[in-house]
Amino acid sequence: MTMPHHALEITLTRPLTPAELHTAARVLPLAANHDATRLMTLVRARTTSRAAHRLRHRLGTRLPVDVITTHYPDAAGQILLNVAFPPSVQAAICHSADQAGQSPGTFLKLALDRALARHASEEADRLDRAVGELLARTTSAHLLTAVGRALSRHPGVPQP
């Protein structure tokens with residue numbers, strides 16, 4: 001069986017110096033963004049979680065790695081998030097997970113899911129209020145025309 005390559009993105013805690021980037025690129029091929037705060041690489045592994053673990057093991061002591069994520073969503077639309085917590089935070093997560101009767105991974109996934117759902121709900125409420133304020137001063141037809149023009153002018157805006 002051939003092992004696939006996984007595209008991983010590394011978010012750094014600070015920009016890299018050219019020397020740090022050069023040294024790290026000797027360990028693993030890396031592509032940096034314009035200010036060297038994010039890197040991309042391909043890692044061979046059977047699974048995305050194994051690829052992230054392998055990447056953290058290879059570069060974690062050489063670079064100020066904050067978060068490692070998969071660059072592309074999996075079949076379920078999920079992005080792997082690999083974060084190395086300080087020991088005190090890890091202990092607090094384990095304690096809270098134990099109290100909830102969950103594994104630390106499940107506890108964090110559920111907490112993140114709740115936070116993302118709360119954010120989506122707050123964003124929907126914010127947009128509802130903004131649209132309500134606009135409709136108080138114009139007609140539906142004028143608002144739809146303006147939204148259509150705005151969307152056609154900004155085709156690069158992320159669409160859900």
Side-chain angles (χ1 to χ4, degrees), residues 1-127 130 147 150-160:
M1 181 174 124
T2 61
M3 269 200 283
H5 285 83
H6 299 277
L8 300 176
E9 183 171 348
I10 306 161
T11 303
L12 303 167
T13 59
R14 63 169 173 77
L16 294 181
T17 65
E20 287 174 316
L21 181 58
H22 179 74
T23 301
R26 287 182 174 172
V27 175
L28 199 63
L30 298 168
N33 69 335
H34 71 285
D35 63 356
T37 56
R38 291 177 27 211
L39 307 171
M40 290 290 302
T41 191
L42 293 174
V43 178
R44 282 183 59 156
R46 285 195 174 95
T47 66
T48 53
S49 60
R50 185 71 190 135
H53 176 78
R54 185 171 287 160
L55 177 61
R56 189 171 289 281
H57 178 73
R58 286 186 185 165
L59 295 179
T61 58
R62 292 179 171 87
L63 298 177
V65 174
D66 190 16
V67 178
I68 297 171
T69 61
T70 50
H71 188 64
Y72 300 106
D74 63 14
Q78 301 290 306
I79 298 287
L80 176 78
L81 183 66
N82 179 290
V83 180
F85 294 109
S88 61
V89 173
Q90 183 68 32
I93 291 168
C94 289
H95 176 74
S96 296
D98 189 49
Q99 285 185 326
Q102 300 168 337
S103 70
T106 300
F107 178 80
L108 283 175
K109 182 186 181 317
L110 293 174
L112 186 57
D113 288 347
R114 282 190 305 272
L116 290 172
R118 187 173 48 252
H119 173 74
S121 176
E122 290 169 357
E123 180 69 1
D125 290 345
R126 183 187 69 77
L127 289 172
V147 168
L151 290 175
S152 66
R153 280 189 217 127
H154 304 288
V157 174
Q159 302 293 319

Quick one: does any side-chain atom of [X] pair with a main-chain N or O of [Y] as donor and acceptor, under 3.5 Å?
X	Y	answer
Ser96	Ala92	yes
Arg62	Arg58	yes
His71	Met40	no
Thr70	Pro73	no
Thr41	Leu30	no
Thr106	Gln102	no
Asn33	Thr37	yes

Check: [Y] and [X] side chains under 4.5 Å, non-hydrogen atoms:
X	Y	answer
Thr69	Leu8	no
Asp66	Ile10	no
Leu59	Val27	yes
Tyr72	Thr48	no

Using 0.5 Å steps for rounding, measure from the [atom1] atom of [X] to the [atom2] atom of [Y].
X	Y	atom1	atom2	result
Leu16	His22	CG	NE2	13.5 Å
Asp98	Ser103	CG	OG	11.0 Å
Leu63	Leu39	CG	CG	6.5 Å
Leu12	Asp35	CG	CG	9.5 Å
Leu80	His6	CG	NE2	10.0 Å
Lys109	Arg114	NZ	CZ	11.0 Å

(message) Using every non-hydrogen atom in the two residues, find where Leu42 and Ala7 come nearest and quote the distance to one decimal.
(response) CD2-CA, 3.7 Å
(request) Determine the minimum heavy-atom distance between Asn82 and Ala52, stating which atoms define it. (result) ND2-CB, 3.8 Å
(request) Using a strict 4.0 Å threshold on nitrogen-to-oxygen distance, state whether Arg14 and Glu20 make a salt bridge. (result) yes
(request) Give a yes or no on this: more than 12 heavy atoms of other residues, nucleotides or ligands lie within 6.0 Å of atom CZ of Arg56. (result) yes
(message) Between Gln99 and His95, is the side chain to side chain donor-acceptor pair (under 3.5 Å) condition met? List the steps.
(response) CA-CA 6 Å; Gln99 285 185 326; His95 176 74; 3.3 Å; yes
